[in-house]
There are 2 protein chains.
Amino acid sequence: MLSHINASATLDPIRAFAADRAPVAKPAGDENRRVGQRIADTLALLAAKLAPQRRLVRAGEVIYQAGGRFDNLYILNSGFFKITTLSPDGREQVVGLKFRGDWLGFDGIAGGAYSCDAVAMDTGEVWAIPYEALLAACSGHRDLLTVLHEAMSREIAHDRDSLMSVCTLPADARVAEFLRHWADSLAKRGLRTDQIALRMTRAEIGNYLGMTLETVSRALSRLARDKVIGFSSKGRRDVHIPDVAALTAFVQRCLAPAPTLQ
Amino acid sequence: MLSHINASATLDPIRAFAADRAPVAKPAGDENRRVGQRIADTLALLAAKLAPQRRLVRAGEVIYQAGGRFDNLYILNSGFFKITTLSPDGREQVVGLKFRGDWLGFDGIAGGAYSCDAVAMDTGEVWAIPYEALLAACSGHRDLLTVLHEAMSREIAHDRDSLMSVCTLPADARVAEFLRHWADSLAKRGLRTDQIALRMTRAEIGNYLGMTLETVSRALSRLARDKVIGFSSKGRRDVHIPDVAALTAFVQRCLAPAPTLQ
DNA sequence: CGGGCGTTTGAATCAAATCAATTGGAGTGG
DNA sequence: CCACTCCAATTGATTTGATTCAAACGCCCG
């Protein structure tokens with residue numbers, strides 16, 4: 001699985017590891033604030049221009065299903081969703097996770113019907129935005145169109161990152177990268193990242209990452225053993241992340257072929 | 001890897017196999033023609049409204065690179081491209097393959113810079129479409145905007161299918177599915193699908209599918225042994241596909257846990 | 001013709017899946 | 001409150017599919 005790694009000469013896992021205990025770097029903090037602002041601005045803009053229909057959801061509720069007629073895009077104001085697809089032969093796949101500020105339903109534009117299911121994993125609020133109304137509003141407000149296109153662009157770029165992760169990272173690194181991305185998403189939204197509630201079963205995480213639930217469990221145990229994560233006293237569903245950078249370092253350690261021992 | 005398969009009771013691999021030798025079904029043929037028409041219409045529309053700058057490329061030419069300033073979207077009039085990303089730590093990943101009518105560069109919209117490389121794998125013609133000019137033209141022509149959004153939507157949906165394949169299919173099935181999709185893409189563009197020139201090395205295919213080149217080679221050998229594909233007399237780069245449906249059947253056979261022997 | 005790259009194939013190894021048993025919590029009802 | 005069930009999670013033992021290592025082959029091109 002690691003055959004395609006171009007062990008570039010510039011790679012220096014030691015340096016990366018040295019950065020372990022450093023607090024979140026300045027530029028990253030700025031970037032996070034910027035993204036948080038962008039999300040707030042986007043929501044405000046949509047609220048102002050389109051008065052979207054707000055819907056409160058509880059864990060388990062479905063806001064659209066594959067095959068359903070496409071009329072609305074949705075944007076998350078709060079909560080957390082999973083996006084799943086089902087192949088004709090019955091394989092199921094979690095293909096995306098969505099947080100505040102993320103859009104849902106882009107896949108429906110092309111065919112006039114959604115091709116995925118969107119399921120709430122927690123209580124939250126989604127705004128329904130009729131696609132036709134959005135287009136109409138876009139013609140008068142260039143910034144609305146920009147916001148829409150940027151959201152689609154970001155989704156495309158992110159999907160590629162996901163593919164890269166499943167194709168190039170070993171199981172342990174994939175789990176670490178998954179947690180890192182989650183923490184990062186929370187940070188960008190101004191939420192605390194030291195204590196995160198996954199609200200997904202090991203099976204769901206494993207499905208998303210292309211591995212079995214047992215492998216997820218083992219990876220988490222190893223991360224905990226290495227003190228990269230911790231489990232809250234009550235239950236092992238919530239994960240404590242003392243330092244996000246340590247997750248990145250862990251990924252690099254998984255990739256390093258020889259630990260340069262001695 | 002197959003743990004998440006919901007072996008639905010409606011699944012019937014025998015039926016699927018029985019369809020092996022059937023010619024391409026009517027509805028699929030219609031669908032292909034429809035898609036071919038859509039691509040031709042899109043290209044005609046863009047040519048008429050935007051007079052895009054046409055550029056001839058030869059195999060190996062790069063039309064944009066990660067980090068490069070985003071100004072243009074591109075649409076392929078002919079030829080065939082690969083899209084690759086490079087992670088900060090040096091992992092490389094083929095994240096997409098593009099054919100006539102496909103757009104390139106959507107990933108650049110959000111950040112103002114491309115996040116991937118686009119490399120020609122064959123001679124062809126790409127049209128450069130300045131993004132700002134496109135947006136300007138869209139305000140007057142709703143159909144242009146529709147075409148753009150549908151292309152982005154299709155890309156998102158396709159990326160999800162890719163993720164599903166790498167996450168849920170064993171290596172052999174992944175290669176079969178890859179060939180099936182390739183043949184399908186050619187069929188939609190009105191090209192012959194019985195004889196296809198991959199123009200990718202085993203290493204590139206393997207990278208795209210998340211496996212090593214040796215595994216790709218073995219999978220192709222097995223497909224040939226099972227008469228699902230054939231190799232042209234000269235060289236093993238070109239693949240002969242007598243019947244696309246047989247590839248789908250092969251995928252299903254890979255998934256069937258027990259071949260219901262006896 | 002010979003060198004270099006891409007491909008095939010075999011053998012050994014390894015990471016992850018599978019199988020199996022156990023533990024731990026959350027919720028229910030006596 | 002405790003016993004009970006149910007489901008999620010953990011952990012160990014074993015198997016297996018894919019990688020890795022290695023060797024040989026074929027083809028293109030100077």
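Scope of the values below: all heavy atoms of this structure, side chains included, with no hydrogens, waters or symmetry mates. Since we're looking at a predicted model, the values are computed, not measured. In the text below, chain A, chain B and the rest are named by the order of the sequence lines, each starting its count at 1.
Using a cut-off of 4.0 Å between Lys/Arg side-chain N and Asp/Glu carboxylate O, B:Glu177 and B:Arg180 are scored as salt-bridged. Salt-bridge annotation for B:Glu204 and B:Lys82: present, with a side-chain N of the basic residue lying under 4.0 Å from a carboxylate O of the acidic one. Remark: A:Glu155 does not engage A:Arg160 in a salt bridge, criterion side-chain N to carboxylate O under 4.0 Å. By the 4.0 Å N-to-carboxylate-O rule, A:Glu125 lies too far from A:Arg100 to be salt-bridged with it.
Here C:dA16 is the nucleotide among D:dA18, C:dA16, D:dT11 with the atom lying nearest to any side-chain atom of A:Ala171. Residue A:Phe231 has its side chain nearest to D:dT10 when only D:dA22, D:dT10, C:dT7 are considered.
In this structure, B:Arg236 does not reach the C:dG6 phosphate: none of its side-chain N or O atoms is under 4.0 Å from OP1 or OP2. Between B:Arg202 and C:dT8 there is a side-chain polar atom (N or O) within less than 4.0 angstrom of OP1 or OP2. Residue B:Thr212 places none of its side-chain N or O atoms closer than 4.0 Å to OP1 or OP2 of D:dA18.
Residues from residues 215-223 of chain A lying near DNA chain C, meaning a heavy-atom separation below 4.0 Å, are A:Thr215, A:Arg218 in numerical order.
Remark: side-chain polar atoms of A:Arg91 are not paired, donor with acceptor, to backbone N or O of A:Leu86 under 3.5 angstrom.
In this structure, the CD atom of A:Glu214 is 12 Å from the C1' atom of D:dA8, given to the nearest Å.
The distance from atom CD1 of A:Ile75 to atom CH2 of A:Trp127, rounded to the nearest 0.5 Å, is 7.5 Å.
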